[in-house]
Amino acid sequence: MEFVDNRTIKTNVDTVRVKTMRLIHLQLRDILAEALQTAMEAGALPYVAPEALPEIIVERPKRPEHGDFASPMALPLARPMRRAPRQIAEIIVAHLPANELIATVELAGPGYINMRLNPAWLTQQVNRILEEGETFANLDMGVGKNVQVEFVSANPTGPLTVGHGRGAVLGDTLANILQAVGWNVTREYYYNDAGRQMRVLGDSVRLRLLQLLGQDIEFPDDYYQGEYIIDIARDILDEYGPEAAEKDWQFFKEIAQDVIFADIRNTLERLNIHHDVYTNEATFYETGVIWDVLERLREKGYVYDKDGAVWFKATEFGADKDRVLVRSTGEPTYRLPDIAYHVNKLERGFDLIVDVLGSDHIAEMPDVINAVYALGYTDAPQRIQPIFHQFVTLVRGGQAVKMSTRRANFVTLDELIDEVGADAVRYFMISRSPNAQMEFDLELATQQSDENPVYYIQYAHARTAGILERQAAERGITFDPDADVSLLTHPSESTLIREMLRLSDVLAHCAAELAPHHLTFYARELASAFNQFYRDCPVLTAEDEALVKARMKLVKAAQIALARTLHLLGMTAPKEM
RNA sequence: GCGCCCGUAGCUCAGAGGAGAGAGCAACGGACUUCGAAUCCGUAGGUCGGGGGUUCGAAUCCCUCCGGGCGCGCCA
């Protein structure tokens with residue numbers, strides 16, 4: 001049996017292999033591969049067996065003078081070919097097949113092959129963007145495949161916190177991206193409305209109600225301390241009167257749960273987040289699946305009894321200690337239903353299962369994955385991809401605010417949205433790598449609203465509308481879909497086109513790494529490219545009419561690209577601000 | 001003590017084994033009689049936490065140490 005190491009839990013390259021020809025660097029890679037092959041067959045370069053050939057890398061150089069794309073492929077070929085890398089590069093270039101993409105090639109440094117895109121091809125891409133509209137930059141990476149993204153999954157014990165917000169935005173944006181690159185996406189919310197937690201919730205409301213009735217009752221420390229519990233108690237008192245005091249905890253639990261769940265859904269709605277499927281942990285008890293799972297694990301020898309409890313042999317998979325699956329009271333721990341739920345996910349035929357979790361769950365996922373692996377789902381380590389995000393540290397007035405559902409002193413996601421707006425919450429929550437801890441300074445976020453990248457990006461979009469709609473109408477200029485885009489030769493124009501085309505790359509990268517934060521950086525860079533174009537190239541006041549019409553098409557394309565990016569981020573694309 | 005994550009410009013953070021190390025903010029200096037200045041241009045700012053190793057090539061991979069976070073329960 002193999003040990004499932006946390007570090008190996010990353011996106012399986014085979015699951016998410018890029019198949020589309022839209023990605024320019026892949027087309028260039030094929031062209032270079034062909035050139036290398038031709039050169040070897042012609043005897044211009046020594047023959048190297050395919051399995052000994054290093055992977056051909058094509059990348060975007062950091063410095064513009066190194067071209068649009070570059071490949072260091074000649075460098076690692078030096079050893080097997082026993083030739084100088086620069087000489088190898090020269091010969092590869094000499095054998096490049098005819099193609100419409102590459103305009104010029106330069107050799108530089110120790111043997112880099114620097115390529116520049118054909119300007120005629122580049123300008124034509126503007127037409128393509130206009131044709132594709134809202135589907136612009138989509139890929140076919142996940143075609144015919146199903147992915148489940150499970151996120152938020154907060155139990156209905158209290159309002160969503162800022163910490164939940166990060167998971168919510170991360171999961172939803174990831175789902176948007178996976179959808180754009182071709183996966184069939186199911187957004188799922190997993191929750192538990194039974195068990196000790198909920199008993200405590202119901203009783204917390206009951207005690208608060210008794211207090212409201214003037215009874216002198218001590219409120220336990222481990223009960224839910226939040227103000228919202230008192231609100232719910234007060235509402236119940238208003239509706240049912242003092243007789244409610246006679247009801248048991250279950251009565252209060254039912255009401256509290258409904259109120260809280262409605263509140264959670266409302267918060268998610270404000271962030272434009274909707275789940276397709278809600279799965280209740282109770283299902284796995286009712287259908288008896290958890291006991292089937294336990295039985296199957298026992299048959300396979302991964303479960304044993306000790307001290308009246310049932311244990312999972314986690315140590316066989318490298319864990320430091322075994323884990324209890326069923327308490328001596330006969331009540332399962334959360335691990336058993338979690339395992340059953342993941343069996344359920346696997347059985348539902350998802351090719352990829354993404355669990356968006358807080359970093360406090362880091363220790364439990366290996367148990368779940370090892371258990372389903374033990375049950376015979378040997379591809380589980382590849383199919384199940386947990387994403388752990390570090391918690392958001394909230395800072396107010398230079399002081400950290402400790403967030404806990406049970407304490408009164410926490411800031412809800414709703415309050416954060418009230419302060420900075422839904423678009424800003426969405427943008428900031430995924431503007432850093434999930435692995436990185438995040439400091440969210442409330443005062444700064446509200447103070448700096450003018451310097452906010454959210455406004456910068458949305459402003460660029462609003463500007464496109466300003467030109468195409470308001471200003472064009474004022475000047476009586478109409479949009480011409482047949483305008484000649486080959487006139488778009490200004491450096492700022494081609495930079496803008498190249499930047500728009502990069503969206504597909506960014507999406508592919510985000511999907512492959514399951515890391516949506518790159519999209520926020522891209523959004524800013526795209527907006528910046530548009531603003532630079534705007535500075536350099538007058539659109540409606542350009543020197544001749546053909547150029548006016550061509551630039552209008554470019555602006556329209558930019559509008560599409562900006563709107564697409566904003567929508568993928570779950571943000572609005574306003575036409576005026 | 002053990003496991004995972006993080007350590008990169010003053011601050012917040014990107015960085016996909018490949019070329020002088022990147023952005024935003026803050027700082028400093030410029031650009032509006034001109035399609036929206038919520039914009040643009042320029043300057044300065046770095047032993048990529050330290051030390052070893054692998055590699056033609058390391059911020060990136062491995063080892064080790066230091067510092068911070070999160071876990072390590074018959075809680076979820």
Side-chain angles (χ1 to χ4, degrees), chain A residues 5-7 57 59-63 65-66 70-73 75-76 78-79 85 108-112 114 153-155 157 192 195-197 222 281 306-311 318-321 323-329 331-335 337-338 358-366 388-391 393 428 431-441 444 448-453 455-456 458-460 462-463 465-468 470-472 474-475 477 505 508-509 512-513 515 517-518 520-521 524-525 527-528 531-532 534-542 548 551 555 576-577:
Chain A
D5 188 332
N6 274 336
R7 286 165 302 186
I57 291 168
E59 56 195 8
R60 293 173 188 272
K62 289 172 210 148
R63 313 178 70 79
E65 60 268 32
H66 292 151
S71 177
M73 68 183 288
L75 274 59
R79 177 169 291 191
Y112 288 95
N114 294 341
S153 293
N155 288 337
T157 59
N192 181 20
R196 199 196 78 92
Q197 256 195 353
D222 59 344
E281 185 180 311
K306 192 183 89 181
D307 304 332
V310 184
W311 297 72
D320 54 343
K321 54 186 88 157
R323 317 283 184 194
V324 171
L325 292 182
V326 183
R327 285 177 270 244
S328 49
T329 60
E331 203 183 354
T333 64
Y334 65 92
R335 267 174 234 270
D338 266 10
S359 62
D360 52 339
H361 290 262
I362 249 165
E364 94 189 53
M365 270 321 277
F388 300 105
H389 64 269
Q390 299 290 321
F391 279 149
T393 316
F428 283 120
S431 62
R432 6 203 90 111
S433 152
N435 285 333
Q437 288 155 226
M438 202 174 95
E439 206 169 82
F440 207 122
D441 191 322
L444 212 66
Q448 287 193 330
S449 61
D450 280 2
E451 307 294 341
N452 207 318
Y455 292 102
Y456 180 87
Q458 291 181 327
Y459 177 71
R463 231 176 196 177
I467 296 167
L468 293 175
R470 280 188 303 282
Q471 288 296 329
E474 225 167 79
R475 292 156 197 259
I477 303 174
D505 289 31
H509 186 218
E513 300 280 319
H517 66 280
H518 295 112
T520 60
F521 289 87
R524 214 197 178 280
E525 282 155 17
S528 175
N531 282 330
Q532 285 170 47
Y534 175 83
R535 173 207 54 196
D536 293 336
C537 306
V539 180
L540 302 174
T541 53
V548 169
R551 283 183 176 163
V555 173
E576 51 189 55
M577 298 176 71

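Just so we're on the same page: letters track the sequence lines, and every chain starts at 1. In this text the structure is predicted, and so the values were computed from the model without any measurement.
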Would you check if A:H518 stacks with the base of B:A14, given a 5.5 Å centroid limit and a 30° plane limit, both strict?
no

From CD (A:Q390) to CE (A:M438), nearest 0.5 Å
12.0 Å

Less than 4.5 Å apart, side chain to side chain, heavy atoms only: is that true for A:R551 and A:I467?
no

Walking RNA chain B from its 5' end, the first of A:I57 and A:S528 to be reached, judged by nearest nucleotide, is A:I57

Scan A:E331 against the nucleic acid and name what it touches under 4.0 Å (heavy atoms): base, sugar-phosphate only, or nothing.
nothing

B:G36 phosphate, OP1 or OP2, under 4.0 Å from A:R470 side-chain N/O
no

What contact category does A:E59 fall into here, base, sugar-phosphate, or nothing, at under 4.0 angstrom with non-hydrogen atoms?
sugar-phosphate

Tell me the closest heavy-atom pair linking A:V324 and A:R335, and the distance in Å.
O-CD, 4.4 Å

Which one, B:C6, B:C74, B:C40, comes nearest to the side chain of A:Y456?
B:C40

In whole angstrom, give the distance that lies between atom CD of A:Q437 and atom C1' of B:G69.
4 Å

Not counting sequence neighbours, which residues clear side-chain contact (heavy atoms from CB on, under 4.5 Å) with A:T520? List them please.
A:Y427, A:I430, A:S431, A:L569

Secondary-structure notation, RNA chain B, from Watson-Crick and G-U pairs under 3.5 angstrom (| other strand)
(((((((..((((....[...)))).(((((.......))))).....(((((..]....))))))))))))....

Would you indicate what A:F521 reaches in the nucleic acid, counting non-hydrogen atoms under 4.0 angstrom: base, sugar-phosphate, or nothing?
sugar-phosphate

Once you apply a heavy-atom cut-off of 4.0 Å, does A:R524 come out as touching a base, just sugar-phosphate, or nothing?
sugar-phosphate

Check: A:Y334 side chain, B:A76 base, donor-acceptor under 3.5 Å
yes

By nearest-heavy-atom nucleotide on RNA chain B, the more 5' of A:T329 and A:S433 is A:S433

Need one value for A:P538: base, sugar-phosphate or nothing, where a base atom within 4.0 Å counts as base even if backbone is also close, heavy atoms only.
base

Could you tell me which non-hydrogen atom of A:P337 sits nearest to which non-hydrogen atom of A:P332, and how far apart they are?
CD-CB, 4.3 Å

Between A:Q471 and B:G36, is there a side-chain N or O to OP1/OP2 distance below 4.0 Å?
yes

Quickly work out the A:H517 NE2 to B:G24 P distance and round it to whole Å.
17 Å

What's A:S328 touching, base or sugar-phosphate or nothing? Going by heavy atoms closer than 4.0 Å.
base

